[in-house]
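Just the heavy atoms: all of them, side chains too, but no hydrogens, waters or symmetry mates, feed the values below. Counting convention: from 1, in listed order, for ligands and their atoms alike.
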Amino acid sequence: MVMGDIATATDLLVIGAGPGGYVAAIRGAQLGLDTTLVEKDAYGGTCLNRGCIPSKAFIHGADVAHEAANAEELGIHADPAVDMRQMQQWKSGVVDQLTSGVEKLCKANGVALLEGTAAFEDEHTARIAHGGEGQGMETVEFDQAIIATGSRPLRIPGFDFDDEPVLSSAELLQMESVPDSLVVVGAGYIGMELSTMLAKLGTDVTVVEMLDDVLPTYEDDIKRIVRSRAEDLGVEFHFGEGATAWGEAGDGVVVSTETEDGEVSEYAGDAVLVAVGRQPVTDTLELESIGLEPNENGFVETDDRARTDVENVFAIGDVAGEPMLAHAASAEGIVAAEVAAGEPDALDQQAIPAAVFTDPEIATVGLTETEAEAEGFEPVVGEMPLRASGRALSMNESEGFVRVVADEASGIVLGGQLVGPNASELVAEVALAVEMSATLEDVAGTVHTHPTLAEAVMEAAENAQGQAIHTLNR
Ligand SMILES: Cc1cc2nc3c(=O)[nH]c(=O)nc-3n(C[C@H](O)[C@H](O)[C@H](O)COP(=O)(O)OP(=O)(O)OC[C@H]3O[C@@H](n4cnc5c(N)ncnc54)[C@H](O)[C@@H]3O)c2cc1C
């Protein structure tokens with residue numbers, strides 16, 4: 001210990017207050033562990049400050065403007081003006097309400113909060129450097145620790161986020177005005193969500209993507225719907241091209257790309273958004289002090305109880321790898337805290353849903369038909385196209401479907417793929433079915449409210465049984 005240090009002791013030290021860390025800390029305290037949560041930046045982490053919540057707030061704002069401007073068919077004639085400063089203020093209000101809620105919840109549950117950057121000294125000691133000059137250091141002795149330090153945007157050679165026109169998603173979500181044009185590098189879920197949102201606000205969006213389609217992890221029929229809707233909104237895609245460099249041009253930028261065959265192209269925009277993925281944050285932790293080495297991609301490896309190779313140290317959320325999603329981080333946080341408190345718990349990756357908030361939304365959980373076959377099941381599949389849904393049509397939406405995959409012999413639901421309005425909400429029912437090992441009969445036999453989109457989940461289950469009423473059976 002250095003003279004002047006403060007020293008404290010805690011049962012459980014949680015490093016990082018994103019949706020992984022703050023949830024783990026609250027559960028640890030609920031289970032009677034003396035818990036300390038340390039955060040170097042803002043409560044709520046990426047999710048509340050720079051990710052899920054700000055992006056969904058802007059997506060909602062863009063949807064309101066776009067719907068109002070495109071409702072002639074419904075007899076509504078409007079030409080909304082978008083005041084981006086006002087939208088920013090509203091978004092900041094939402095974020096502030098949630099982040100202060102996190103702080104209050106932690107305190108109310110008895111979690112001790114420390115502000116600063118944590119680094120390990122040894123397997124039972126961490127040093128916290130408080131922000132700003134002369135703010136001092138603090139030593140915390142702990143029995144167990146949970147690493148929940150999250151991730152940051154991945155850089156690509158030639159594109160430095162310190163350069164003003166090169167934006168990460170975090171910087172884009174701070175915009176004070178809608179750009180006239182934008183080049184987006186990457187057609188993964190963040191690139192697609194932000195491109196769709198900006199196109200609705202009137203930006204000319206050009207997307208360059210090294211692969212040959214959008215959203216690499218999703219099935220072709222899902223990708224096709226989302227890509228063609230984005231194209232209808234004016235998004236221009238260039239596949240099979242990697243961004244290699246950018247240069248200033250007038251008030252904006254020109255982004256150079258190259259194909260595998262060496263063909264070079266250039267695209268102009270006000271700025272360039274680089275959305276090619278995220279990398280784990282471990283560089284401030286001094287993991288070598290506890291003999292913990294990240295894998296070749298920088299992630300901290302864990303078992304199904306969120307334990308790392310160091311007996312008393314857990315890792316959760318983005319820093320522990322895929323799925324890099326807020327609800328996965330929280331679920332892992334609960335497991336880590338419960339295991340730390342001596343409870344029997346383990347992660348079930350099967351029932352973790354994923355959603356993409358494009359137009360329309362995509363949501364999936366569990367196994368696809370192909371994955372089910374690869375795992376040795378004989379799957380049966382049921383589908384309900386939304387053009388046969390009264391609720392979808394009454395919302396002036398008809399594109400998309402709900403697909404349910406089940407084991408033919410037992411009828412147990414193995415997964416679902418949904419594309420359409422509110423798919424991110426609807427997937428919860430399929431996730432519950434997967435989690436409970438519910439059967440097609442359970443889902444089909446549950447009376448659903450009419451008219452709702454949720455009826456499509458019931459109809460897809462009926463379709464898999466050859467008993468659908470509102471669509472022809474397979
Ligand atoms: C634009 C965008 C949109 C997204 N949309 C969604 C979505 O709709 N749904 C979804 O599920 N996910 C979404 N995500 C992903 C989601 O934000 C992350 O999966 C989630 O935040 C991960 O949580 P975490 O707790 O692991 O890490 P984070 O939220 O990144 O939190 C980690 C925290 O640790 C702190 N920290 C780091 N190092 C230290 C240290 N040494 N000492 C102290 N504190 C430290 C950081 O300051 C940070 O606050 C989105 C991400 C982005 C960028």
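Remark: distances from the non-hydrogen atoms of Pro54 to ligand 1 are all 4.0 Å or more. For the pair Arg278 and ligand 1, a heavy-atom separation below 4.0 Å is found. Residue contact annotation: Tyr43 has no non-hydrogen atom under 4.0 Å from ligand 1. By the 4.0 Å heavy-atom criterion, Ala275 is excluded from the residues contacting ligand 1.
Summarising the contacts of atom 23 (O) of ligand 1 with Gly317, Pro19, Gly18, the nearest heavy atom is found in Pro19. Of the listed options Ala326, Ala126, Ala148, Ser168, Ala326 places a heavy atom closest to atom 10 (C) of ligand 1. Nearest-heavy-atom check against atom 26 (O) of ligand 1 across Ile53, Val356, Asp318 picks out Asp318. Of the listed options Ser169, Ala354, Gly51, Ala355, Gly51 places a heavy atom closest to atom 52 (C) of ligand 1. Taking all heavy atoms of Val38, Ile59, Val319, Thr46 into account, the minimum distance to atom 29 (O) of ligand 1 is reached by Thr46.
Atoms of ligand 1 lying under 4.0 Å from any heavy atom of Ala329, numbered from 1 in the order shown and given with element: 23 (O), 26 (O). Listed by number with element, the atoms of ligand 1 under 4.0 angstrom from any heavy atom of Leu325 are 10 (C), 11 (O), 12 (N), 19 (O). Within the listing of ligand 1, atoms 3 (C) sit less than 4.0 angstrom from a heavy atom of Ser55. Residue Lys56 has at least one heavy-atom neighbour below 4.0 Å for each of these atoms of ligand 1: 5 (N), 6 (C), 7 (C), 8 (O). Those atoms of ligand 1 that come under 4.0 Å of a heavy atom in Gly45, given as number and element, are 29 (O), 31 (O), 48 (C), 49 (O). Annotation for ligand 1: atoms under 4.0 Å from non-hydrogen atoms of Ser151 are 30 (O). Close contacts between ligand 1 and Gly20 involve ligand atoms 25 (O) [criterion: under 4.0 Å to a heavy atom]. Within ligand 1, counting atoms from 1 as listed, the ones closer than 4.0 Å to a heavy atom of Phe357 are 8 (O).
Where the criterion is an N or O separation shorter than 3.5 Å, residue side chain and backbone included, Ala118 meets it with respect to ligand 1. The distance criterion of under 3.5 Å between nitrogen or oxygen atoms is not met by Glu193 with respect to ligand 1. Polar contact with ligand 1: present for Met324 (N/O pair, distance under 3.5 Å). Taking distance alone, with nitrogen or oxygen atoms compared against 3.5 Å, Glu39 approaches ligand 1 more closely than that limit. Looking at Cys47 next to ligand 1, an N or O pair under 3.5 Å apart turns up. At a 3.5 angstrom cut-off on N or O pairs, Thr284 counts as close to ligand 1. For the pair Leu285 and ligand 1, the shortest N or O to N or O distance does not fall below 3.5 Å. Where the criterion is an N or O separation shorter than 3.5 Å, residue side chain and backbone included, Arg50 fails it with respect to ligand 1.
Proximity of Met84 to Leu201: side-chain heavy atoms (C-beta onward) are separated by under 4.5 Å at one or more points.
Gln417 places a side-chain N or O within 3.5 Å of a backbone atom of Leu367 that can act as its donor or acceptor partner. In this structure a side-chain-to-backbone donor-acceptor pair under 3.5 Å is missing from Gln279 to Leu154. Within the 3.5 Å criterion, the main-chain N or O of Val94 finds no donor-acceptor partner in the side chain of Gln97. Panel note: side chain Ser289, backbone Phe120; a donor-acceptor pair is recorded below 3.5 Å. With Asn109 contributing its side chain and Ile26 its backbone, the two residues share no donor-acceptor pair below 3.5 Å.
At the shortest separation from atom 34 (O) of ligand 1 among protein heavy atoms lies Gly16 CA, 3.2 Å. What sits closest to atom 51 (C) of ligand 1 on the protein, heavy atoms only, is Tyr189 OH, 3.7 Å. Taking atom 16 (C) of ligand 1 as the reference point, the nearest protein heavy-atom neighbour is Cys52 SG, 3.8 Å. Atom 27 (O) of ligand 1 has Gly150 CA, 3.1 Å as its closest protein atom, hydrogens excluded (heavy atom only). In this structure, atom 38 (N) of ligand 1 lies nearest to the protein heavy atom Thr149 CG2, 3.2 Å. Atom 36 (N) of ligand 1 has its closest protein heavy atom at Lys40 CE, 3.9 Å.
With a heavy-atom cut-off of 4.0 Å, Ala42 touches ligand 1 through its backbone alone.
With rounding to the nearest 0.5 angstrom, the OG1 atom of Thr125 is 3.5 Å from the CG atom of Asp122. Here the straight-line distance linking atom NE2 of His124 with atom CG of Asn312 works out to 4.5 Å at 0.5 Å rounding.
For Glu455 and Arg391, the salt-bridge test fails: no basic side-chain N is under 4.0 Å from an acidic carboxylate O. Contact check on Lys200 versus Glu67 returns no salt bridge, with no Lys/Arg side-chain nitrogen under 4.0 Å from an Asp/Glu carboxylate oxygen. Under a 4.0 Å N-O distance rule, the pair Lys56/Glu361 does not qualify as a salt bridge. Residues Arg27 and Asp345 are not paired through a salt bridge, judged by the lack of any N-O separation under 4.0 Å between the basic side chain and the carboxylate. By the 4.0 Å N-to-carboxylate-O rule, Glu286 lies too far from Arg127 to be salt-bridged with it.
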Original post:
Where do Phe239 and Arg227 land on the side chain to side chain contact (heavy atoms under 4.5 Å, CB included) test, with the steps shown first?
Top reply: CA-CA 12 Å; Phe239 295 112; Arg227 189 189 55 235; 3.9 Å; yes

**OP:** Just do the salt bridge (charged side-chain N to carboxylate O under 4.0 Å, His left out) check on Glu219 and Arg403 with the steps written out, would you?
**Re:** CA-CA 12 Å; Glu219 292 165 292; Arg403 180 154 62 220; 2.9 Å; yes

**OP:** Evaluate side chain to side chain contact (heavy atoms under 4.5 Å, CB included) for Val235 paired with Thr196, printing each intermediate quantity in order.
**Re:** CA-CA 7 Å; Val235 178; Thr196 308; 5.7 Å; no

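Between Leu13 and Ala126 the shortest heavy-atom distance is CD2-CB, 3.6 Å. What you find for Tyr22 and Pro19 is that their closest heavy atoms are CE2-CA, 3.6 Å.
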